[in-house]
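Report on the following structure.
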Amino acid sequence: MEKTFNPSAIEQAMYSHWEDKGYFSPTGKGDGYCIAIPPPNVTGSLHMGHAFQQTIMDTLIRYQRMQGKNTLWQVGTDHAGIATQMVVERKIAAEEDKTRHDYGRDAFIDKIWEWKEHSGGTIGKQMRRLGNSIDWSRERFTMDEGMSKAVQEVFVRLYQDDLIYRGKRLVNWDPKLHTAISDLEVENKDKKGHMWHFRYPLADGATTKDGKDYIVVATTRPETMLGDTGVAVNPNDERYQHLIGKHIVLPIVDRTIPIVADDHADMEKGTGCVKITPAHDFNDNEVGKRHQLPMINIFDQDAAVLARAEVYDVNGEPNDAYSNELPAAYAGLDRFEARTKIVAEFEQLGLLDEVKDHELTIPYGDRSGVVIEPLLTDQWYVRVEPLAKPAIEAVEKGDIEFVPKQYENMYFSWMRDIQDWCISRQLWWGHRIPAWYDADGKVYVGRSEEEVREQNGLGADVALTQDDDVLDTWFSSALWTFSTLGWPEKTEDLATFHPTDVLVTGFDIIFFWVARMIMMTMHFNKDENGKAQVPFKKVYVTGLIRDEHGDKMSKSKGNVIDPLDMIDGISLEDLLQKRTGNMMQPKLAEKIAKATRKEFPDGIEAHGTDALRFTLTALASTGRDINWDMKRLEGYRNFTNKLWNASRYVLMNTEEHDCGANGGDMVLSLADRWIIGQFQQTVKTVHQAFASFRFDLASQALYEFTWNQFCDWYLELTKPVLFKGNDAEQRGTRHTLVNILESLLRLMHPIMPYITETIWQRVAPLTGNFSEGDSIMMQSFPQIDQQLVDQQAIDDLEWVKQFIIAVRNIRGEMDIAPSKPLPVLLKQVSADNQRRLDQNQQFISALAKLESIDVLADDEQGPASATSVIGDMSLLIPMAGLIDKDAEIARLNKAIDKLSGDVKRTEGKLANKNFVSKAPAAVIDKERAKLDDAKSQLEKLKLQKQSIEAL
RNA sequence: GGACGGUUAGCUCAGUUGGGAGAGCACCGCCCUUACAAGGCGGGGGUCACUGGUUCGAGCCCAGUACCGUCCA
């Protein structure tokens, strides 16, 4: 074996081997266990969030596979409507200087499929680097044939159940991309802007209380006044109560609109009067609905002012309550140009009351970067309320559990106030809506044009055109757990793997994805008793991975760390190129480059997949955000190396030797019995940790056992046996070495697959329980055997450790070279300790590097010595020439101070009558024992100090 | 404005049902000892954000305050 662990040499070949052997596929034996991956975006590449969640999923899958389950990790990607369309649009623009319209719809879609063939697999290749034990043969895509069929089926059935409808509603409109987008794709940013105060003249000679013939409304969006259909005041606002029901005449458009009473108007804010534009503001839209105010749309799909407005009633039906005229000067003006012009015109008219600076939140399209416009458009909706009811109950009843539990609040609060879901998108790439219109605009929904004609008795002479729009990507994602398993067919896979067991995902998509999956799955999947089936039983919610300063990782901030760069390493030059390569703003690029140089002066070293995975699990505590710490990764890289070298030691001393695999006399040393018990405790902790999704506790237990017990103590304790023991003792220790290591590797495998497999291939044959071609992946996970925990061995070894530590402490504090063997004298050795000493003299002498151990008679004073106390026993190391008097006094003083503090505190506690009368007996006994112990140690050290001082 | 989460060592984080705080990294000293210097041995370091309450006893339970974060309006 190499002297250091070199992950790059083993990982990729090993992964290919596993994949070729088919180890990732369900075995077909045992209970089903399934995790459906949150499908990454097909245009995406691997980021830290993926690495984090996938490490957790793979750890669970590998654990359950080793527990004998029939495991399936179902993988796939989603078609990411907007993102993918944009990628290909940019590509044809750059390469051919064409737009998608030059291609036409069908040819453009072909182009996208072509792109997907060549570039759509990036993230899959990256996911393989993480060691994910995914059954790639079952990879799905939301646009593949089967899933398209499922999407269509769901749409048609929901429509038939009256759970889908079409309507004119306000949506988040992206004026650049010309499509509705979801809330998730809207980025709200705080900006500095203005609040304009406009005077709206009162109609019919009405006046305010202070005699003015106008009221003042405040707005951040002056241009929308062209679409105002009302002014709201608070019903409790005494300033305006007398004006409720009166009208104002809207300047510029000369439109008479009512003053209504609505709680939406905040008396404390501004003037207390709010202009209402139901067609261009979500809040106003609600107010408009309450007061039957018509909606006047003033913008086209570019958010430029229309030549003629569109007037609708509250239900979105065309209406002539108001004239559709708009001032000609505004026609075709962009909304921001219109704003300037409106303000100027108000000023000119003497109607601009004042302008104030104002902080406001502005919605931006996360892909287009332009300001989102609330716009009235024809869209398809899912009526979610009936679907939400059982979905809420499933979580209330515990059929689905969130981990950690507090995320259930988030789920409930959203589900109990749920809005209908806009599922149509004005894009080309996606599932085309299976709806057709006749010449009169009557809509027919069906699985195909033929079906529609047949079911509605429409002859070939009736012209039908299909809806141009496609469905929101989340619509297909909502069917993910069951459509990937073959629905709407009744497949074997559905019976075996659905409901899936765990969903691992981020809290940011609980609404957009998790909730919708629950609703859709429960509506379309029933078990044999007709009971709705949930998509998964547990939802493990992860936090976000942020950079070392707690900032969100983002391209624009230039603080993204690619998980693969931590696995393979990257030079500073390449990292700078990656972070600033495509930057449009040179200033920002410079800033990022500077920060990157400071953070990674030498680039990033290679750490290997196992170290990355171990770090991720070690940080996975309770669903909260994680500030990424490169030092932590480095520490765990060192840990993989430690494991590597410990294994090297084991192999050096066992390969080519008799390790008792075929019988033969074996004697187990105290250390052997001790480590076997310690290992059992570790197995127990790891099982508990996995069961409760505390991957951090699992990692911690593995780290602690491996480094602090196995390496620091056990391996050292095997040396005296292997060098000096007899055949039976050596065989016993070799047997223990080999078997503990082999079991430890299995225990670690779910978290660190590569290194454990590599070492296991060498170690497992020594246990005698190995066949050519075996893989650790397919072995059983260690189970707890409480009988192997030998409490006396544990107590005895703790005593041995204390003895050794006491000597090392004196050595360290007194600057005595580790190579210098020391004589040790003991006083007040009890029978039990005498036994421990007799049985373990070799261990003690070797690990503490002792020249001799002698027991003094009770009345014997002994020479001037440095002293330590272990229980009742005193341990002395003669100072003779080795130890400085003052240094020893200083050392004793330190120990005495510490003990005095303990004694004082404990005495105080025991002197408290309330404590003694009310605390449980066990606690009091413990305190008494503590006090006795501290007192006796203190006494011994004080005497010792006196005798040294007397020298 | 409402809800939830957080505040523990220089940094990143654990701390189970209340019995006087832990890890990794960083720091200090000594060691290239035959698995490992990506290491070994020893060591230093915390008024557990603040205020009050419950309790014999509070990092942990309760109330409030401050600051940070997230979601919703």
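In the text below, chain A, chain B and the rest are named by the order of the sequence lines, each starting its count at 1. On a predicted model such as this, the values are computed, not experimentally measured, just so you know.
Side-chain N/O atoms of A/N6 and A/T4 include no donor and acceptor closer than 3.5 Å. Counting only N and O atoms by type, the side chains of A/T718 and A/Y649 include a donor and acceptor under 3.5 Å apart.
In this structure, A/E927 pairs ionically with A/K930, as a charged nitrogen and a carboxylate oxygen lie closer than 4.0 Å. Salt-bridge annotation for A/D551 and A/K557: absent, with no side-chain N of the basic residue lying under 4.0 Å from a carboxylate O of the acidic one.
Using a 4.0 Å heavy-atom distance criterion, A/N641 is classed as a base contact. A/N283 comes within 4.0 angstrom of no nucleic acid atom, judged by non-hydrogen atoms across all strands. Nucleic acid contact for A/K719: base, since at least one base atom lies under 4.0 Å from a heavy atom of the residue. Residue contacts for A/K918: at a heavy-atom cut-off of 4.0 Å it reaches a base atom on one of the strands shown.
Taking the P atom of each, B/A66 and B/G10 are spaced 26 Å apart, rounded to whole Å. Across the C1' atoms, B/C30 and B/G15 are found 33 Å apart, a figure rounded to whole Å. Taking atom P on both nucleotides, B/C41 is separated from B/A37 by 14 Å, rounded to a whole Å. Here the separation of B/A21 from B/A14, taken at their C1' atoms, is 11 Å to the nearest Å.
When the nearest nucleotides of RNA chain B are assigned to A/V916 and A/A646 by heavy-atom distance, the more 5′-ward of the two goes with A/A646.
Annotation: side chain of A/E11 is in contact with side chain of A/I567 (closest heavy-atom distance under 4.5 Å). Side-chain contact between A/I604 and A/I561: present, with at least one pair of heavy atoms (C-beta onward) separated by less than 4.5 Å.
Within a heavy-atom distance below 4.0 Å of RNA chain B, the residues of residues 683-703 of chain A found are A/R694, A/L697, A/Y703.
The nucleotide whose nearest atom lies closest to any side-chain atom of A/R637 is, among B/A38, B/G42, B/U12, B/A38.
Within the structure, a side-chain polar atom (N or O) of A/K3 is placed less than 4.0 Å from OP1 or OP2 of B/C36. Contact annotation: A/N645 side-chain N/O to B/G39 OP1/OP2 distance is not under 4.0 Å. Under 4.0 angstrom from either OP1 or OP2 of B/A38 there lies no side-chain N or O belonging to A/W707. Distances shown here put a side-chain N or O of A/K642 below 4.0 Å from the OP1 or OP2 atom of B/G40.
B/C4 atom P lies 18 Å from atom CG of A/D625, rounded to whole Å. A/E927 has its CD atom 12 Å from the C1' atom of B/C56, to the nearest Å.
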Intermediate values then yes/no, salt bridge (charged side-chain N to carboxylate O under 4.0 Å, His left out), A/E798 and A/K801: CA-CA 5 Å; A/E798 281 311 315; A/K801 276 163 87 172; 3.6 Å; yes
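Secondary structure note: stems in RNA chain B built from 3 or more consecutive Watson-Crick or G-U wobble pairs under 3.5 Å occupy B:1-7 with B:66-72, B:10-13 with B:22-25, B:27-31 with B:39-43, B:49-53 with B:61-65.
Looking at A/N559, its side chain never comes within 3.5 Å of a backbone N or O of A/D547 through a donor-acceptor pair.
Annotation: A/F695 is in aromatic contact with A/Y540 [ring centroid separation under 6.0 Å].
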